[in-house]
There are 2 protein chains.
Amino acid sequence: MLENVDLDKSLSKEEYDDIIEDLTIRIGELQRKAWKTDIPTIIVFEGWHASGMTEIINRFLLTLNPMGFDLYTTGKPCYQEEQKPLLWRFWTKIPKKGSIAIFDRSWYRRVVIEHDGKGKVDKHMPKCLEGITYFERQLTDEGYLLIKFFLHVSKKEQAKRYRDLKKEGVPLFIVEEEEQEYLNEYDRHLPVIEGILERTDKASAPWTIVEAEDKNFATVKVLAKVIESIENKIVEAESNAEATQNDQVDNCVIPNIDSSILEKIDLDKSLAYKEYKKEKKACQKKIAQLQYELFRNRIPLIVLFEGWDASGKGGSIRRLAQKLNPRLYRVIPVGVPSNYELAHHYLWRFYNEIPEAGHIGIYDRSWYGRVLVERVEKLCNTHEWKRAYREINEFEEILTNYGTIIIKFWTHIDKEEQLNRFKQRENTPYKKWKITSDDWRNREKWNLYLSAADEMLQKTSTSWAPWTIVESNDKYYSRIKILHTVIDRIEEELKQRGLQ
Amino acid sequence: MLENVDLDKSLSKEEYDDIIEDLTIRIGELQRKAWKTDIPTIIVFEGWHASGMTEIINRFLLTLNPMGFDLYTTGKPCYQEEQKPLLWRFWTKIPKKGSIAIFDRSWYRRVVIEHDGKGKVDKHMPKCLEGITYFERQLTDEGYLLIKFFLHVSKKEQAKRYRDLKKEGVPLFIVEEEEQEYLNEYDRHLPVIEGILERTDKASAPWTIVEAEDKNFATVKVLAKVIESIENKIVEAESNAEATQNDQVDNCVIPNIDSSILEKIDLDKSLAYKEYKKEKKACQKKIAQLQYELFRNRIPLIVLFEGWDASGKGGSIRRLAQKLNPRLYRVIPVGVPSNYELAHHYLWRFYNEIPEAGHIGIYDRSWYGRVLVERVEKLCNTHEWKRAYREINEFEEILTNYGTIIIKFWTHIDKEEQLNRFKQRENTPYKKWKITSDDWRNREKWNLYLSAADEMLQKTSTSWAPWTIVESNDKYYSRIKILHTVIDRIEEELKQRGLQ
């Protein structure tokens, strides 16, 4: 993509001043309009070192209203970032609706630095680039505008700029000390960069190569491209809004309980109290030991619970956590998203919460809300929840690639048992707060939820993150099955990785 | 505080199980009530290493509804935390109204580790403890409930526990590798800890010493103390709410323009365009160099702008930033706080934004909103804005102690000039969006704002962070005065610190 770029393009100071004044007014208008139409925009700056990126970005920033954007400079990851998958630090920084996030270097730079050591592309690079295409597609699918610039200069120009910077006494590497390695590496670096650009140049997130030898020209090109992209996006968003209005009929859910796997579950399984107590004690002790194995080996663990209201998720979580070290685990209850969370991609709030390496995240409900409650209660449209199966599988794949163990439980009870438990809650003073009109309302939609759960279990039980359905009419049986499943899975993973 | 503690207290398993069941129900009720009455609670756990803190905390956590709390484990600061004052990482974690933040080790632990090197308390410890008392008082003044526990065990018991942990194969230091240093240092450590406890045991934030040799006893004591404190706080909050209702009359502001310093400002000062251009260029070049001096020496810089609507803050900020490196500065526009921000101490959102070491934060309006717009528009009560002068001075003192340079500008114009500028904005199509009915409304309250600004300038011009009033009827004069002030102040600071 870089071979035929004409690097001689330039603009005189007068031409530049003239054009920039008009463009500044125009981008101000568009920024306010994007704010009103709730369009979130991500602008990525990549490019050669010494391609003038800082100055071009600064000129670009000064045309914007500072109220509406954030600039993120991507340097070496800090300790916390190192304990999470590569994309975590970027996911957590995506803008909310109406805002602009500008990345001065981005996930691309990190992929190069982390996987292109001295003269050799490592074998994880392709998986990493695949993760990036997931990430970008998930964003654009949800209405994000993604604009990617690569600032291009020739080898000769780069060498000249190094000399000039040195003369001026400007520090060469403010953020990226790691970049030292790429000094005088232009030729070796070129095919790596071209390969990445080609693999990630998608219709929904294309690259724009910016001829950056002349900063005036480059700034204008950047600004013009941003203006054009936002204009197009606003038109698209407006026509989508119309289309959605005509699309309501599509939003009805056809229950599909014929092929239910849940209906076939044997809910009569049970366990005597005495045995339960003995087993519980042994399992908790074992899990307390295993947590330190995970910690020593820096393996993150996710244990997530979905299931019917009153199916015993909370109680199981307490038994799971009882002997754990609170420095190493966290219970993450997932409820109704806040307005601030709703103003982001729906996966955003979950990325914010993933456990760091060696830690355990226990989820009381989870990202599966998208294909359960949000689907049934029509909190998102059909297109969105249907797309979510793939998005969730990709999300879990990315976590697994990083080394995360994911254990997923569906706690299953029947309708009668739920009724008993609801009544019991209503009749116990200190449990009464637990039962609300929401619970009764959800119960009326039992079949819709059943059908949604069934489809979820089928479409998101992957080799890397399988579901375990837990027969939960009997609490003792249910809790012990959960504890055993967690132990077995951790031990199996440790073994597979040659750690036990 | 530790010498007379009876460490033999204990509870049998049966007594414990009995008590804990009741307390769990009670704390559940209180947690919901605190949620409804908007009380934010901070619980601090400190104590000897191997005092059983993790287990006691875990037992305590399991009595809580996970929806309503966050646990923070305080370890070694990460890179980003090292680039900010000590208290930053805690300020950013204070809970929102109705929530509980639990600190497993806290600012106290950090003070000990950072200022009590091998056998010698360093000279910054007292300043640091003073900062902590500011921090805690600011929180409790704003209605936060602060509960502090110190888990106490004897030297003998500590030694025994080390042996036991080693036998069980539990890693001794999960978070705090630095704590290694305190192994076998009980005797030397004791007076340091006692000194800290005594200096920070305040009526509004007292310490509770927990006899922790028996974990049952310790857990119950912790839980009972939390319950008692929340109960008292709810009573207090309810009676405060009544008092506030009867307190409306106090909320009227008496304009006080007699002693105005602003009235005496000579607004006729001006500068010719030609000279302005020349000066601007020279100043921008100088500032671009100075930013690298700040960066090299890891000095954070805050430049903040307050002033009348249309007094030229935005334009001055653009000139200040024009030649800066965007990796080293950030413009922070301060507008109406979001609901999420309002659910915290008002300084919280500003702590979230302070520049890291070596970087520049440019504020378009700031924390002074508390004593300007919030005072005049009655968005807070009289007691709150009157208290804010001290809080702000303390806030700036803490930043200064960390090494931050703070430069504060009040851009001053007269009422007539403002009218001209408002009209000009209304008549220029691409500037029209800048002027809203808010601006006209604020203008009607000119005298109230004048009086608030006057009081602010008098009460918050400190030796460490003085105000500069900028005569801004003439934009050229104003901008150049600002640029010069920034340059002079940075150079003076570098000189004073022996860096130039």
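Residue numbering restarts at 1 for every chain, and letters A, B, ... go by the order of the sequence lines.
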Next item on the list: Please state whether the side chain, the backbone, both or neither of B:D70 comes within less than 4.5 Å of a heavy atom of chain A.
Entry: side chain
Item checked: Interface residues of residues 29-37 of chain A facing chain B - non-hydrogen atoms under 4.5 Å apart -> A:R32
Notebook entry, point to check: What option among A:G335, A:P66, A:S338 has the most heavy-atom pairs under 4.5 Å with chain B?
Noted result: A:P66
Next item on the list: Pick one of side chain, backbone, both or neither for B:N65, based on which atoms fall under 4.5 Å of a heavy atom in chain A.
Entry: side chain
Margin query: Just verifying a value: how many Å separate A:N325 CG and B:E55 CD, rounded to the nearest 0.5 Å?
Written below: 10.0 Å
Next item on the list: Pick whichever of A:Y72, A:W433, A:Y340 has the most heavy-atom pairs under 4.5 Å with chain B.
Entry: A:W433
Check: Do B:E81 and A:Q80 come close enough that some side-chain heavy atom pair is under 4.5 Å?
Finding: no
Next item on the list: Could you tell me whether a side-chain N or O of B:N58 sits under 3.5 Å from a main-chain N or O of A:L324, the two making a donor and an acceptor?
Entry: yes
Next item on the list: Could you tell me which of B:C78, B:P333, B:P429, B:A288 has the largest number of non-hydrogen atom pairs under 4.5 Å with chain A?
Entry: B:P333
Notebook entry, point to check: For B:E21, does the CD atom sit with more than 12 other heavy atoms under 6.0 Å from it, leaving out its own atoms?
Noted result: no
Next item on the list: Against chain A, label B:Q322 side chain, backbone, both or neither, depending on which of its atoms sit under 4.5 Å from a heavy atom there.
Entry: both
Checklist line | Residue among B:L71, B:V331, B:I25 with most heavy-atom pairs under 4.5 Å to chain A | finding: B:I25
Checklist line | Residue part contacting chain A, namely of B:L61, when any heavy atom lies under 4.5 Å | finding: side chain
Check: side-chain hydrogen bond (donor to acceptor under 3.5 Å, both in side chains) with B:K13: which residues, sequence neighbours excluded?
Finding: B:D17
Item checked: Option in A:M67, A:R330, A:K323, A:R318 with maximal non-hydrogen atom pairs under 4.5 Å from chain B -> A:M67
